[in-house]
S.K.: 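Would you mind keeping the following structure in view while I ask a few things?
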Amino acid sequence: MRLSQMLFVTLREDPAEAEIPSHKLLLRAGYMRRVASGVYAYLPLLWRVLGKVSEIVRQEMNATGAQECLLPQLQPAELWQESGRWETYTKAEGIMFALTDRRDQALGLGPTHEEVITAIARDMIRSYRQLPLHLYQIQTKFRDEIRPRFGLMRGREFIMKDGYSFHTDAESLKETYQDMYAAYSNILRRCGLAFRAVEADSGAIGGSGSTEFMVLADAGEDEVLYSEDGQYAANVEKAVSLPVDAVPSEFSEYQVLDTPNTPTIESLAQLLSCSPTQIVKNVLYVAGFDSGKQVPVLVTIRGDQDVNDVKLQNELTKLAADYGGTAVLSLEVPDAEAQAAWLAKPLPLGYISPGVGDDYLKAPNKDFVPKFLRLLDQTAVDLENFVTGSDQTGRHVVGATWGKQFTLPQRVVDVRKAAAGDRTLHDPNQVLQTARGIEIGHIFQLGSKYSQALGATYTNEAGQEIPLEMGCYGVGVSRLAQAAVEQSYDKNGIIWPVAIAPYQAIVVIPNLNAADQVAAAEQLYADLTAAGIETLLDDRNERAGVKFKDADLIGIPFRIVTGRSLKDGKVEVVKRATGEAEELALDAVVPTLQGWIAEALG
Ligand code: ATP
Ligand code: MG
């Protein structure tokens, strides 16, 4: 491709809309343009990158026996009603774009395809002889993200590979899951990315396991906790660990003490000169269920610990049936304004006890449940002589014990957030380390949630009808492309891994008025192209300095300059990643680059 004929516009300044390096660079180097919040035009250079990523994904998927297809983006509401996800995905914080057609039918733009594929399986799979089966597609997904940001990292329209597998039993599902683990590792390795596979939250779906593939980078939105020996790595949402031991309490006698201005654990521990591990903290949430019920939730946990909202949401989902629902639509720490609607009298915030009475609550409407759902985190169960609120502003109790001053809440749960510095379960001598990660892929053993909801069954050898076991597997193709930049750039621009670079080589003519430079460059461009090396020719009427800067900015792995050394029959060849330059005889250029590219593609 000749740069003079390409839509090629680079920016000198960092665009104001971009916060992280990869986002800035892709905009500056002319790879993409923002059209609306979270919506981008993929320009020709980026489209080539996305094509290469997709092709690697396709090859690795096909190698496992999965088959490519293309499912509709426009999906009827009925399918989502059957799975029970229409409300969750379109109300409150739901991320599905929903619309109504001219016949007044409700539709959604596909954020994911479990419903569609399960409906197809229901129609087409009859017998165990058809199983296992794995279908995948590479397609644009739509999600009305609450916080679209960082360019392609969190878009509202983005490219995903999603695959769904169907099985007779959990054993067979596990085999495909392991194949996917290997395929995803291959994809990321071939794309030139450093990554870590981590245990992930399976959310409300439960399922028997899920793994996320994280590209490690400071700009990552996820936190990964891992042990130094490499044996344990998990998303913080899922991570488990041993909390530090509680310091035995110095308070042996139950007392109510004046503790003015101590609404936080820190201020209280300071005033009483005690360890936060001796304090019992009570955190108020309001959960909104899909039945419409709003429930005040009181989580009681050891003072030095924080609540993991994902674990809490999972626990609440298990209790949804008690409130006539199946899912949690919202989980919030209510502000003063929200509280005012359902408080019968002001709550002594910061001084609440585990036994705070339900008489603080009233029901402003039939949906609000005026009774605390009380959950006790494991960390607070064994505490003795602890410190906690007194239900009076400015006062706390010390020396309290379960069963004496306070009834032990019945529902004991694990909702504590694991943190860097905690000891690991497999080896208490190891402590958890923390890193930021960009989630590129997620593989998931779904089980029969969707097949049961939609009635997708098969007949086994004994003639019985059984719900299909399912797995699902997603890779963010466009997110991966940007993550590669986030992992590989320098002050001059992008440094693409060879496997996904839009072009492998760029031939630069420093001076268009020098006939020998032009002739040599044209010949090299023709030879490289004929040899199957994807090559750009910078034949623009620009200063040499501008051309060198642009070549660095767009990150093409190998640059060939037809400059001064032509008089010796040589050209300069520069490797973008290392800046190494060498002079090669004209006829050595093609074989040398072929060698380098083969080596890089390994
Ligand atoms: P996240 O937690 O980052 O929102 P997710 O759990 O919603 O991701 P999945 O539903 O598992 O993601 O989707 C599969 C893959 O699609 C993700 O691993 C990610 O790489 C990509 N992806 C998800 N949401 C977006 C988005 N808004 N923009 C770009 N890529 C995305
Ligand atoms: Mg998401």
Side-chain angles (χ1 to χ4, degrees), residues 20 22-23 26 32 34 36-40 42 46 49-50 53-54 57 61 85 88-89 93-97 109-115 117 136-164 177 180-181 183-185 187-188 191 193 195-205 207 209-217 219-224 234-238 309-310 313-314 436-446 450 470-487:
I20 62 172
S22 55
H23 186 194
L26 287 173
M32 62 187 195
R34 178 184 179 277
S37 167
V39 179
Y40 288 84
Y42 312 137
L46 182 59
V49 173
L50 294 171
V53 174
S54 301
V57 169
M61 293 303 294
R85 290 209 293 184
T88 344
Y89 268 75
E93 302 197 332
I95 44 104
M96 181 149 64
F97 287 100
L109 285 180
T112 181
H113 281 74
E114 283 83 3
E115 280 77 359
I117 196 85
Y136 76 93
Q137 58 174 344
I138 299 174
Q139 180 199 56
T140 294
K141 291 282 186 279
F142 297 91
R143 292 186 182 182
D144 196 0
E145 296 278 358
I146 296 166
R147 248 168 264 105
R149 58 178 191 161
F150 298 160
L152 305 180
M153 293 285 191
R154 187 167 298 283
R156 295 198 299 161
E157 183 179 321
F158 58 96
I159 302 176
M160 195 202 287
K161 184 289 293 184
D162 50 329
Y164 307 86
Y177 182 76
M180 284 303 108
Y181 192 107
Y184 276 36
S185 302
I187 289 167
L188 288 168
C191 288
L193 291 164
F195 67 96
R196 200 183 264 274
V198 309
E199 284 179 23
D201 174 56
S202 304
I205 299 169
S210 98
T211 300
E212 284 169 348
F213 291 80
M214 295 283 190
V215 162
L216 302 181
E221 291 188 277
D222 284 281
E223 184 183 357
V224 174
N235 190 315
V236 68
E237 293 176 345
K238 162 83 179 177
D309 287 354
V310 173
Q313 177 143 356
N314 292 343
R436 305 301 302 177
I438 301 166
E439 180 197 320
I440 295 298
H442 195 170
I443 60 174
F444 209 100
Q445 297 177 44
L446 277 176
Y450 294 96
M470 289 175 62
C472 71
Y473 321 92
V475 177
V477 169
S478 45
R479 185 184 281 185
L480 187 157
Q482 188 174 323
V485 178
E486 195 61 37
Q487 256 192 1

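For ligands, and for the atoms within them, numbers begin at 1 and follow the listed sequence.
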S.K.: Could you name the option among K141, H442, R143 that has the heavy atom nearest to atom 11 (O) of ligand 1?
M.R.: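 The residue whose heavy atom sits nearest atom 11 (O) of ligand 1 is H442.
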S.K.: Kindly identify the option in Y184, F158, F213 whose heavy atom sits closest to atom 26 (C) of ligand 1.
M.R.: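 Going through Y184, F158, F213 one by one, F158 has the nearest heavy atom to atom 26 (C) of ligand 1.
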S.K.: Run the contact test for T112 against ligand 1 with a 4.0 Å cut-off on heavy atoms, strictly below, and give the result.
M.R.: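 Under 4.0 Å: no for T112.
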S.K.: Let me confirm one number: the CD-CD1 distance from E212 to I438, rounded to the nearest 0.5 Å.
M.R.: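 The CD1 atom of I438 is 13.0 Å from CD of E212, to the nearest 0.5 Å.
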S.K.: Does a donor on one side chain sit under 3.5 Å from an acceptor on the other, for T211 and Y177?
M.R.: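 Short answer, yes.
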S.K.: Of all residues at least two apart in sequence or in a different chain, which pass the side-chain contact (heavy atoms from CB on, under 4.5 Å) check with E237?
M.R.: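 Partners of E237 by the side-chain contact (heavy atoms from CB on, under 4.5 Å) criterion, ordered by chain and then number, come out as D201, N235, V310.
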S.K.: Taking 4.0 angstrom as the limit and counting only heavy atoms of G441, give me the atoms of ligand 1 inside it, by number and element.
M.R.: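 Those of ligand 1 that fall under 4.0 Å from G441 are 18 (O).
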S.K.: Indicate whether the side chain of R143 and that of Y89 have a donor and an acceptor atom separated by less than 3.5 Å.
M.R.: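 No - no donor-acceptor pair under 3.5 Å links their side chains.
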S.K.: How does M153 reach ligand 1, if at all, at less than 4.0 Å between non-hydrogen atoms: by side chain, backbone, both, or neither?
M.R.: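 It is the backbone that touches ligand 1; the side chain stays farther off.
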S.K.: Hey, what do you get for NZ (K238) to OG (S210), rounding to the nearest 0.5 Å?
M.R.: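 Reported value, rounded in 0.5 Å steps: 7.0 Å.
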S.K.: Before we go on, tell me: are the rings of F213 and Y181 under 6.0 Å apart, centre to centre?
M.R.: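 For F213 and Y181, the ring centres are under 6.0 Å apart.
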S.K.: Looking only at heavy atoms, is any part of E439 under 4.0 Å from ligand 1, and if so is it the side chain, the backbone, or both, or is it neither?
M.R.: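 Both the backbone and the side chain of E439 come within reach of ligand 1.
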S.K.: What do we get for E145 next to ligand 1 when only non-hydrogen atoms under 4.0 Å count, side chain, backbone, both or neither?
M.R.: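 E145 to ligand 1: side-chain contact only, backbone stays beyond 4.0 Å.
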S.K.: Y450 vs Y164, test: ring-ring contact (aromatic ring centres under 6.0 Å, His included). Steps then yes/no.
M.R.: CA-CA 11 Å; Y450 294 96; Y164 307 86; 8.9 Å; no
S.K.: Compute the shortest N/O to N/O distance between G476 and ligand 1 and return yes if it is under 3.5 Å, no if not.
M.R.: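 Checking ligand 1 against G476, an N or O pair does fall under 3.5 Å apart.
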S.K.: So does K141 pair up with E157, basic N to acidic O under 4.0 Å?
M.R.: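 Judged by the 4.0 Å cut-off on N to carboxylate O distance, K141 and E157 do not form a salt bridge.
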S.K.: Pick one of side chain, backbone, both or neither for how D222 approaches ligand 1, counting any non-hydrogen atom pair under 4.0 Å.
M.R.: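 For D222, there is no contact with ligand 1 at all, from either part.
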S.K.: Using a plain distance cutoff, I'd like to know if M160 has any nitrogen or oxygen under 3.5 Å from a nitrogen or oxygen of ligand 1.
M.R.: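 No, M160 has no N/O under 3.5 Å of an N/O on ligand 1.
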S.K.: Is there any N or O on G155 that sits under 3.5 Å from an N or O of ligand 1?
M.R.: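 Right, the criterion is met.
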